[in-house]
Amino acid sequence: MKTFLLTTVLAASCAFAQAAAPAAPAAPAELSAEAQALVPFVDEMAACMNQISDRLDSIKDKASADAAAPKLAELFEQLKTIKTKVTEITAKNPDAQLEIQGLASEKLKAPLTRFMQSIANVAINNGYESEALLEVFTSLQEDSAM
């Protein structure tokens, strides 16, 4: 159980760090075009985290954990792709990231909180002894370490 709990918490922390925008002053009334281009990605990130939480919350035993693992891997990959797109945009214009931080923090707060709670619930239950689920979280942790 210790291994699954530790792996899950580390993977969740990595995913959380990737998705979380640092706290910033309130967003200005009007966003630049570059910052506005980031808004759909923030919305996609929130939706993806909610889908991950839905999937995690559906896990009640080993069979449902095994069944959820492939979709969770897909959703975590989707989250990674969103982050890559945001990084590409903000690399060209770092001010856009600063401009959107307040709005992103606001939009991601509830999904991130739910995401962490859902992961914690699965971790407390030792991933319902699912090797497939452990592989998903191990892979997430390894991908995030890059």
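Just so it is clear, the model here is predicted, and its values are computed rather than measured. Reckoned from all heavy atoms, side chains included, excluding hydrogens, waters and symmetry mates.
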[X] side chain vs [Y] backbone, donor-acceptor pair below 3.5 Å:
| X | Y | value |
| --- | --- | --- |
| Gln78 | Cys48 | no |
| Asn93 | Asp95 | yes |
| Gln36 | Leu31 | yes |
| Ser139 | Glu135 | no |

>> Could you work out, with salt bridge (charged side-chain N to carboxylate O under 4.0 Å, His left out) as the rule, every residue matching Asp43, not counting sequence neighbours?
In response: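 Testing Asp43 for salt bridge (charged side-chain N to carboxylate O under 4.0 Å, His left out), a comparison that skips the adjacent residues, returns Lys107.
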>> Among residues at least two apart in sequence or on other chains, which ones pass salt bridge (charged side-chain N to carboxylate O under 4.0 Å, His left out) with Lys62?
In response: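 Checked Lys62 against salt bridge (charged side-chain N to carboxylate O under 4.0 Å, His left out); matches are Asp66.
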Those residues that, when tested against [X], pass side chain to side chain contact (heavy atoms under 4.5 Å, CB included) (two or more places apart):
| X | answer |
| --- | --- |
| Ser118 | Ser53, Leu56, Asp57, Arg114 |
| Glu131 | Leu134 |
| Thr84 | Glu88 |
| Ala46 | Leu108, Pro111 |

Can you tell me how far apart [atom1] ([X]) and [atom2] ([Y]) are? Round to the nearest 0.5 Å.
| X | Y | atom1 | atom2 | answer |
| --- | --- | --- | --- | --- |
| Gln51 | Glu44 | CD | CD | 10.5 Å |
| Phe41 | Thr90 | CZ | OG1 | 10.5 Å |
| Phe76 | Thr81 | CZ | OG1 | 13.5 Å |
| Met49 | Ile82 | CE | CD1 | 8.5 Å |
| Glu99 | Gln101 | CD | CD | 10.5 Å |

Could you check whether any side-chain heavy atom of [X] comes within less than 4.5 Å of a side-chain heavy atom of [Y], counting everything from C-beta outward?
| X | Y | value |
| --- | --- | --- |
| Lys85 | Ile89 | no |
| Tyr128 | Ile59 | yes |
| Leu72 | Leu140 | no |
| Asn50 | Phe115 | no |
| Val42 | Leu103 | no |

> For Ile119 and Phe137, what are the C-alpha separation, side-chain angles and deciding distance, and is it a side chain to side chain contact (heavy atoms under 4.5 Å, CB included)?
Replying inline: CA-CA 10 Å; Ile119 286 179; Phe137 285 111; 4.2 Å; yes
> Quick one: side-chain hydrogen bond (donor to acceptor under 3.5 Å, both in side chains) partners of Ser58, sequence neighbours excluded?
Replying inline: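 Checked Ser58 against side-chain hydrogen bond (donor to acceptor under 3.5 Å, both in side chains); zero matches.
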>> Test of understanding: with side-chain hydrogen bond (donor to acceptor under 3.5 Å, both in side chains), list the residues that count as partners of Lys71, not counting sequence neighbours.
In response: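 Counting only residues at least two positions away or on another chain, Lys71 forms a side-chain hydrogen bond (donor to acceptor under 3.5 Å, both in side chains) with Glu74.
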